[in-house]
Structures are given as C-alpha cells and as structure tokens.
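Below: one structure, written as structure tokens.
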Amino acid sequence: MKNGAPSYTQREVITTQIYPSADQACTYVADAITDLVSERNAAGQPTVLGLATGSTPVRLYRELIRRCQAGLSFQRVITFNLDEYYGLSGDHPESYRRFMQDQLFDHIDILPENTHVPDGLAAKDEVFESCSDYEAAMREAGGLDIQILGIGRTGHIGFNEPGSGPESRTRLVTLDSLTRRDAARDFLGEENVPRHAITMGVGTILDARQIFLLAWGEAKARVIAESVEAPPSESIPASFLQGHPNCVFCVDEAAASHLTRLRYPWLVGPVDWTETMTRKAVVWLAQKSNKPLLRLTDEDYTENAMADLLTEKGSAYDLNIRIFNTTQHTITGWPGGKPDADDSYRPERRIPFPKRSLVLSSEPTDDVFCMGGVLHRLANQKHQLTVAYLTSGNLAVPDTDVRRSIELIIELGERLDDVAEVHFARKVEQQLDAKGQFGEDSSDLRRLKGLIRRGEARSSARLLGIDPAQLRFLDLPFYETGRYRRFQITKADVAAMVTLLNEIRPHQIFATGHGHDPLSVPALSFEVLQIALRACAGADWLKDCWIWLYRGPGVEWEIHEMDMAVPLSPDELDFKIKGIYQHQTQRSQSPGGSKQDANSWNLASALNRATAQAYDALGLAEYEAIEGFKRFRS
Ligand code: F6R
C-alpha cells in the first residue's frame, strides 16, 4: 500500500495512462512533441511525425496550433499520415488530406511539401508502387520519431482492420463494415462511405520510435481493455502494439473503464469495499454465476476472489439482501417523485410536487430515444415539463429530405401566389444543387434542415402527451459549423444555457453526454451544461436541483450504475417507439448522431427490454422494459 491507496496488480501489458480529461492527456502528448521538435529545431534537424485523423486527435492538434502561435516552429517538421480513403481526391471534403489541412496544416507554419498523406487516387495497377514509394519516403526522412494513433471500435489502428498481421506494410485494404458504419454520419449514409483505403501497415507503425495511442469516451473502453490486456492477435490489431518497446496509451477515464483494475478490481488486488464497489461486485457475481441475487452462496463469493468482502461485511445472506434491496429501491414509476408517499427509499424526492422538470436533448431524438417512457410519465404525472433541444441537428438531415420540403414550399407558394416564399425556396434549391453530395450546407439550407427536425420533435412530443409549447429549441451556436469535428464551445453557448436554466429554475434536470467522446455533440452539450451550472452557483434553485443522467442513444447504464430504473409497460414502450418513428429523417442515420449501428432504429426498445430482463434475472420483478438513470453529483 502506498499512501493508504490499494496497490493493484495491473494486467496491462502496455503502459496505460489514465487522465481525468482528454485535454490533460493531449497536453502530455503535446509536451512530448514540443520537447522533441524544440530539441531538433535547435540542432537544425528535422522531426518526423506520424499523424492520424478522426475525432480523437482534434484536441491535440488544437493544442499544437496554440503552441505554434506561442512560438514553436514546425518548419523543420515532416509528417506522414496513416491513411486515406481510396478513391477520394485530396480536395474531397471527407478526404483525410482535407481533414489535415482544416484541423492542423493550414494553421501552423509547416511547409506544404513536408506533409504527406497516401494518394487516394493512385490507379489500381499503381497502388503497390505508390505504397512502396510512401514507405521509401518515410525511410528517406529518417523514419518516424513519434506516431500518433487513434483506435477504431474494431481494434484497428490506421485502417488495419481485424485480420491484419504485425508484419503488414502500407497497402490497399478493404474497410470493415463496422468502420464504414462509424463513418456513415460524416458521409451522410453508409452507402457513400468508400469501401477501400490505403493505410500504413501494422509493421510500418511498429517501426516508429515512439508511439502514443489516444482514446476517449466509453465507446472505446472495451477495445482499449482488449488491446492492452488480451494476448496479441489479429482479431485486435492494436494488440500488436504490446510488442513495441516505447508505446503509451493515453486515455480518459471513460475509455479506461473496462480495464480489469477499474472494472473488476477485486480480481487483481485489495479493494476498498465502499457501498458502490460492493454493489458493483455483487451484481457482477450474480450475473457471472447466472443466479438471482438472493441465491448467491458463500462459496460463490469465495470462489470468485471476494472472500475478503464476506469477512468484512458478513455472510452471503446479509450481502445478498442488502444489494437486493438497494437494487429494488432504484425502481420507480414516478421519475418526478411520488406525491404523498414515503420517499425514504425512493430514488427521487416526493416534494416539491409538481416539479419543474427540464429535459435536455443534445440533438432532437436523444430525448425520446433514451427516455421516451419517462417523458410520457412526467407529462402524465402533471409535472411542469420543458424539453430543450440544444442543437438544431441539421447536420444529420439528408439532402433528399430537404429537397422534398423545398419542392413542397415551391408548390404551395406558387398556388398561393406567395412570391417571397417561392423566391426563397428556389434560392435554397440552387444552393442545394451547387453544393454537391458532400459540400457544406449554406446557412439557409442549415436553417431549413433544422426546421425539419423541429417539426419531427414536435410530432414526437405530441405523441408522448407533451404540448409542443413545452419545447425549446436553443440551436446552440457551437453546432452551426456546417461540419462535424469543427465544434468549439463559446460564451454564446453558455449564455444561452444560463438563460434557460435561470428561466426554468428546474428541480430536476435530465441530461446526457457524460463519458462520451469529448468532441461529440452530447459531450459538448454536457460541457456547456456544466459550465452554465458553475455560472449559476449561488442561485436559489440550484440548491434543490437534482441531475439525472441518461446514458445516450444506443447504450444503457449497467445495472449497478443505475440510481433510478423506470419500468415501461408494453403500451408505454409502444408509445415510445411511435414517438421515435416521428423522426423520419433519422431512419437511415445513427440515432443521436453518435457512432453506432446505422440500422439500429429499433435498438432503443431492445436496450430497454434487455435492462428489464437483467433486473428479472437478478430476481427482481419482471417488466416489459426499463429506462435507466444515474444521479450526477458534480
Ligand atoms: C485515422 C485512423 C483511424 C482512427 C480510428 C478512430 O487516421 O487511422 O484508425 O484513428 O478510426 O477514429 P475516431 O478518432 O474518429 O474515433
């Protein structure tokens, strides 16, 4: 033991540094780059960097831009990017060359001829040569000093999908279907995502002298744990980094959450058996043993490295009952609190009643997708409900949908002789024709797309018994950039949130985004909320305001994490599904704009049913479906 903290035996074969935030991890990596570049600059020598694209390195690049503005010169830096989509030219808006120009190269003093990205347009019969030339250029530059990596949910590094061996070199590859689904949002549909890419090989990456792999958000947690703990294998190409002598994984807490030392700490070392840890371990034990909580035996505990828990907390009998009761007490049909009831063991307090409940939806759909049942109940139980849509969601509206609306406006305008309306619609139609499939939307187009989503949100709300007058559309400015990954919070975002909070003065807030990829819409929306709450410190309403987190589209809290579990009857689940179906433009999109299966439209009900089944399997009542929430204490 060191300073009273338990000393864990780590299972990680690769050094894994966990940071409270992605920004702190980026500072660490930026420091390493700065040190090397400064040293080489002073000696008049080049620094060779291997770079990645995607959401993950964006904050690192912003930090490097800041450092360049503060005097760090990149004139002697030579870069090689990991990969490029095959078939895309460098000026295609979704090409990785374009990404690098936008996110880094155009903002630092690097010489254009020193930046290298594989040629996505090499002719099929010249690809092999083009890839060999790329490797030769790297060797000629002296080899990579530092390689920056992200990681895909398939375990890919670069575009080395499962099946890629440790010896692989730069080559043309076929993208995994999960990778293409993850990119579907950027390309507005999976069918538009290229099928092939050129990527450095695993062997090429392993040649770098130093490697930093970065990962943020819970969506990466499983693959991070497998990469650093499981034996190296082609099924997780990132696991081959275990063979590199100088590789560090820099991850945030959410991406680290599946490491054994955090997820099952009792398996690797002594544990401080707090109430939270005990609940986590006992629920895990029941699920692992396939038994209801009340049927766990002393042997189950001792055979699963939890003998010390028994010694410290009593018999299996006592522990089982305690955790059964705690789990039982999370269940309530009254998400706003039950008036006139004893609330000693209820997740929400009974007074005040009715409550001013504020539901924050980072994009239209998050609310109904994750908590449609609760919305229905809050409305039915006569709380003063406000649903605020934080961003317009226009980026996720396909052009085909907006074209349909434009045609409708033109036709209506012509029938009613409304010259102004027809003129506006024709102008937007021209903008739509001019921008092409992947071009950026004009502000008129964005406005129209945003309005389409408002309409969908209204009809969804109506179905759930919510008067559209209870809806707010904030259209936070951080989102209005015309493209994903450019988002940056400004004072205007925070000011809009502060105004909303001070006007509603909520007793309870439902929000999402905690633990998501920090560049994602839910995570940025949550960051805006947190900054706004700090700005409201001292406000009377804040003293009595509880915050409930819903986890986000496509995922659900684990049972031990839930502080409130709201059952849905078959009819309520039906309402919720009908509510979701009102978001017609989103049928071919990933719900909520987050990275998940594009065809997962029915995922919401499947998740809610799975939660109910998990409660049932633990020996609690059997419900059709359950929506889960975790109380957030800042
Ligand atoms: C990007 C690359 C990929 C990404 C990975 C993670 O050049 O090679 O391996 O690093 O797909 O993508 P994000 O960061 O968008 O989650």
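Just so you know, ligand 1 is whichever comes first in the structure, and atom 1 is the first atom listed for that ligand. This is a predicted model, so every value here is computed, not measured.
Ring geometry for F80 against H116 counts as parallel: the plane angle stays under 30°, on a 0 to 90° scale with 60° as the upper cut.
Taking every heavy atom of L82 and a limit of under 4.0 angstrom, the matching atoms of ligand 1 come to 8 (O). Atom numbering of ligand 1 starts at 1 in the shown order; those under 4.0 Å from a heavy atom of S55 are 13 (P), 14 (O), 15 (O). Short contacts between ligand 1 and R485, defined as distances under 4.0 Å to a heavy atom of the residue, involve ligand atoms 15 (O).
Ligand 1 lies out of reach of M200, whose nearest heavy atom is not under 4.0 Å from it. The closest approach between a heavy atom of K220 and any atom of ligand 1 is below 4.0 Å.
Note that the CD1 atom of I198 and the CZ atom of F159 stand 11.5 Å from one another [nearest 0.5 Å]. Taken from CG in L474 to CG in L360, the straight-line distance is 8.5 Å, to the nearest 0.5 Å. Within the model, atoms CG of D399 and CZ of F438 stand 10.0 Å from one another, a figure rounded to the nearest 0.5 Å. Going from atom NZ of K124 over to atom OH of Y86 covers 5.0 Å, rounded to the nearest 0.5 Å.
Considering backbone and side-chain N/O atoms, Y96 never comes within less than 3.5 Å of an N/O atom of ligand 1.
Neither the backbone nor the side chain of E161 has a heavy atom within less than 4.0 Å of ligand 1. Contact annotation for T53 and ligand 1: heavy atoms of both the backbone and the side chain come within less than 4.0 Å of the ligand. Looking at T56 against ligand 1, both its backbone and its side chain come within 4.0 Å, counting heavy atoms. Counting heavy atoms under 4.0 Å from ligand 1, residue I151 touches it through the backbone alone.
For the residues G158, G54, G152, the heavy atom positioned nearest atom 9 (O) of ligand 1 is part of G158.
Residues F187 and Y85 place their aromatic rings such that the two centres sit under 6.0 Å apart. Aromatic pair H514/F632: centroids less than 6.0 angstrom apart.
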Q242/S239 under side-chain hydrogen bond (donor to acceptor under 3.5 Å, both in side chains): CA gap, chis, key distance, verdict: CA-CA 6 Å; Q242 291 178 20; S239 62; 5.3 Å; no
